[in-house]
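Below is one structure; the comments refer to it alone.
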Amino acid sequence: MLRGRRRMECTLDAQSLISISLRKIHSSRTQRGGIKLHKNLLVSYVLRNARQLYLSERYAELYRRQQHYPDGAPLLAMPAACPPPAAAPPELAALPLPADAQDREARSCAAARGGAELLEGPVCAAPPELQRAPCRDSSPAFYRAAGSAGPGGGGGGSSAPPGLLYAAGCDFASGGAPHCSSRTTVLDLDTHVVTTVENGYLHQDCCSQCPCCCQPAPGLASPPPTPGTKRKYYPGQEEEEGVEEGEPGGGGVAGGPPFAPCTKRARFEEYSAEHPQDSSNISNLISIFGSGFTGLVSRQQADSEQPLNGQLCSKQALASLGAWTRAIVAF
Amino acid sequence: MFLKFSLRSVFYGAGGGNDIQWCFSQVKGAVDDDVAEGAVLSGKLPEILLVSVPPSLPPPFLPLWVLIQMKIHKRISALRKMKCFPCQFSNTIKSAQLNTSALMSVSFFDQADIISTVEFNHSGELLATGDKGGRVVIFQQEQENKTQSHSRGEYNVYSTFQSHEPEFDYLKSLEIEEKINKIRWLPQKNAAQFLLSTNDKTIKLWKISERDKRPEGYNLKEEDGRYRDPTTVTTLRVPVFRPMDLMVEASPRRIFANAHTYHINSISINSDYETYLSADDLRINLWHLEITDRSFNIVDIKPANMEELTEVITAAEFHPNSCNTFVYSSSKGTIRLCDMRASALCDRHSKLFEEPEDPSNRSFFSEIISSISDVKFSHSGRYMMTRDYLSVKIWDLNMENRPVETYQVHEYLRSKLCSLYENDCIFDKFECCWNGSDSIVMTGSYNNFFRMFDRNTKRDITLEASRENNKPRTVLKPRKVCASGKRKKDEISVDSLDFNKKILHTAWHPKENIIAVATTNNLYIFQDKMN
């Protein structure tokens, strides 16, 4: 229902589209007849498209700010400048939350293909989009709304809108919420394999609180990497790095150490996705939502040369929307 | 068949959608505009007579929209007692929303009465409908009255039965809807009729047979069924068959279950009339009509990693003449033609029909509106038609890179996609159909409009299914939607379209110019004007 509105227009606001889409996915859980795979898949496409536009706008704006205030002042402004993510969670928070996230069984993502494989789930479609789908997409016309983002970023990407390129990454992380991990049990409808997924999704948020991460100045000051520069990997923690090329979001900034933990963590879940430490295809919540929709994007970039900068921004994007994702995961 | 059709065409000057003058013939279903106080039903009697359902059937067996002719208040009180229509709309809602300028009308009817599929049989004599409550209603065309040569026979209720019941899958904690997704008729081989009906998970083969004789004269049973005391039997006689009132029985002959993990969206009977396919979101199975415990999986597009899922199967159909060929459409707007002779698993298509996307039309919703909702072969088998959200495309099987014809159904909606996404209308799955000679295609739209496109004259027409044109043989007036700018007289502006009134299911008689158009809970039958 359009609730009494006579006119058929509605604002093509990426933000509202994202929230509408999440609402649809959430309500599909309670519909009779089970989750409809087709409809959820289509909604996930809209989410991806809206997310791409939203991110392009955000980065464009941040880049512009940065141009104005090159001394780190924006970083102080950063948390305040994150209203968009904050706008969404209250709306989502209005939806009833399950009593106890940890104990709830058979909770899983109700997003697209998840609908078939997983029974019901938190509305976690947004995080995967944010994490994975690279910011570039089909035509530049798509991003007309984003506006021009400035010259400097232009070097980075062919189809990626300028300003998306290199990221101030963890700088965007809005203030710390405690790291929350969740245990989710998922059931594959076909093989009837039950998998318990333990790893917390929000390593991002952990990262966002760690001081090394929030050293803005050096990060911001570093110039955007030239396309084709492979990111250096700083093994700080456990696993070896997976293969970078061919992976969405595999690019990175050849930045200094401050970036390393963030990027490392950002890549962690990606790696976990491939790492067979968890049985079956569902490694952890991150891989469900993180590498979910990999198929959506990988085919599109099969032939196009993805700028590493564009890939990096997608990694950083998830850090910036940590608050939002937290609210979603709570479902 | 075609000779007969063209003779009619010549006689009536019909050659295309615009040369045919469509007339109202019948409407089936409850009138939902006027609502009696406190009751769900309307106050008006629909014009249907139930001919064959014995009155002894329990009330829930009868769909609300097929009513026995009774006095109005008696019916309303009886149905109130039956409580067979849990209505979500109360009078409070009605009064609260009547004053809002709602673009979607609020109708008061039982959700179970929503028609979900319409299908003529091969001769066109029978018309089957399935609804959301799992019921199938079959209408039969009465024999053409020689004296009434100005109209074809009317369709009257022939049989009604509960095909599917709601089920609960305990293992997966999923409720399985009883809504009939598709009905497909088998060609008639003997006196009985057979059809396949399916819900999300189970396909059933139903036999519909007539009984007009019954044995009478039993020795040990009275006529009413009571047993006689054997000691009172003094003579013996042989029971004989005597005529009785026609009774139409429907019995399930086969139940094909447990083969689909995802929701079945299509069934299609092969031209060998022995096998059929059923398609769900990710798989297509091949069945034999006689064998219920086994099916062959012939298409499987489920990725090894579900996270990489990018498209689902939306419709599938066998070729009308080649028993080895079938097509399936996807949510990405592609159609794949497969040949079962090539391999056991037809994952690799023989042909891929895809039209490159127009980049200037790219939007948030490009993926949604390019998803194909229906695919239908032409009767000749040379062409196939696909329906996506805004257009109908006709493909020549010999050309894969683009359709040979594209018809815009309601292009004026392209600028409204955002609102249509909000109210979920963008997910509506419209069907399409060919006429008997493959010269006209028809599909539905909103505001109870439906559209016909004449492939030869390239003309199109928009008609409305509404009770305003209620009198039989009233010629339907063409409608027009004004996209923008000044609205001419008799035109409707896009903003006043009612998006709650949608025509998703239409069917065209295989031989004649008779069409069945399903609105939400009513079935309209139109035929061409006969002089």
Side-chain angles (χ1 to χ4, degrees), chain A residues 1-12 14 16-17 20-21 24 32-39 41-43 45-46 48-50 53 106 112-114 116-120 128 137-139 141-142 187-190 192 273 281-282 287-296 298-299, chain B residues 97 100-104 106 166 169 171-177 179 199-200 261-263 265 280-282 302-314 331 357 359-360 362-368 371 413 415-416 418-424 426-427 429 494-497 499-500:
Chain A
M1 290 290 282
L2 291 179
R3 295 186 183 85
R5 270 191 290 172
R6 256 238 99 93
R7 294 160 58 90
M8 282 291 287
E9 284 117 36
C10 75
T11 51
L12 273 183
S16 59
L17 267 185
I20 291 170
S21 305
K24 284 190 199 298
R32 263 192 95 207
I35 296 168
K36 291 180 176 37
L37 181 61
H38 184 203
K39 182 174 174 187
L41 182 67
L42 296 177
V43 170
Y45 275 113
V46 173
R48 181 195 62 157
N49 295 338
L53 179 63
R113 73 299 171 272
E117 206 173 41
L118 316 166
L119 289 183
E120 39 163 342
D137 196 19
S138 38
S139 59
F142 199 69
L187 167 70
D188 184 320
L189 287 183
D190 268 335
H192 297 174
N281 299 332
I282 302 167
S287 74
I288 294 171
F289 311 137
S291 66
F293 311 104
T294 304
L296 296 181
S298 59
R299 299 217 172 122
Chain B
Q97 287 185 333
T100 65
S101 50
L103 283 163
M104 291 167 71
V106 179
D169 183 336
L171 177 64
K172 298 165 191 165
S173 292
L174 286 178
E175 189 182 2
I176 301 170
E177 261 195 297
K179 172 169 78 95
N199 68 347
D200 282 340
T261 306
Y262 307 99
H263 298 321
N265 52 54
D280 66 22
D281 289 325
L282 297 178
K302 183 181 181 190
N305 190 354
M306 273 297 270
E307 300 153 18
E308 290 165 18
L309 181 73
T310 60
E311 60 180 340
V312 297
I313 298 171
T314 52
S331 55
E357 187 194 349
S360 63
R362 178 116 187 100
S363 75
F364 287 116
F365 311 104
S366 295
E367 287 85 3
I368 302 186
S371 173
L413 295 183
S415 54
K416 315 289 180 196
C418 189
S419 313
L420 294 167
Y421 179 73
E422 250 188 298
N423 60 20
D424 268 1
I426 205 174
F427 300 105
K429 295 196 176 142
V494 182
D495 295 323
S496 12
L497 292 176
F499 288 88
N500 238 351

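This structure is a prediction, so every number in the text was calculated from the model and none was measured. Every heavy atom of this structure was used, including side-chain atoms; hydrogens, water molecules and symmetry mates were not. Below, chains carry the letters A, B, ... as their sequence lines are ordered, and counting in each starts from 1.
Remark: A/Lys39 NZ to B/Ile426 CD1 distance equals 11.0 Å, nearest 0.5 Å.
The shortest non-hydrogen separation linking A/Asn49 to B/Glu367 is ND2-OE1, 2.9 Å. Contact detail for A/His38 and B/Ser371: the closest heavy-atom pair is NE2-OG, 3.0 Å. Across B/Pro166 and A/Arg32, no two heavy atoms sit closer than the pair CB-NH2, 3.6 Å. In plain terms, the two heavy atoms of B/Leu174 and A/Gly34 that are nearest each other are CD2-CA, 3.9 Å.
Partners of B/Asn265 by side chain to side chain contact (heavy atoms under 4.5 Å, CB included), not counting sequence neighbours, listed by chain and number: B/Ala279, B/Asp281. Residues satisfying the side chain to side chain contact (heavy atoms under 4.5 Å, CB included) test with A/Lys24, not counting sequence neighbours, are A/Ile20, A/Val43, B/Tyr421, B/Asp424, B/Phe427.
If you measure heavy-atom distances from B/Thr314 to chain A, the contacts under 4.5 Å come from the side chain alone.
Panel note: side chain A/Tyr45, backbone B/Phe364; no donor-acceptor pair is recorded below 3.5 Å.
Considering only heavy atoms from C-beta on, B/Asp280 stays 4.5 Å or farther from A/Leu37 through its side chain.
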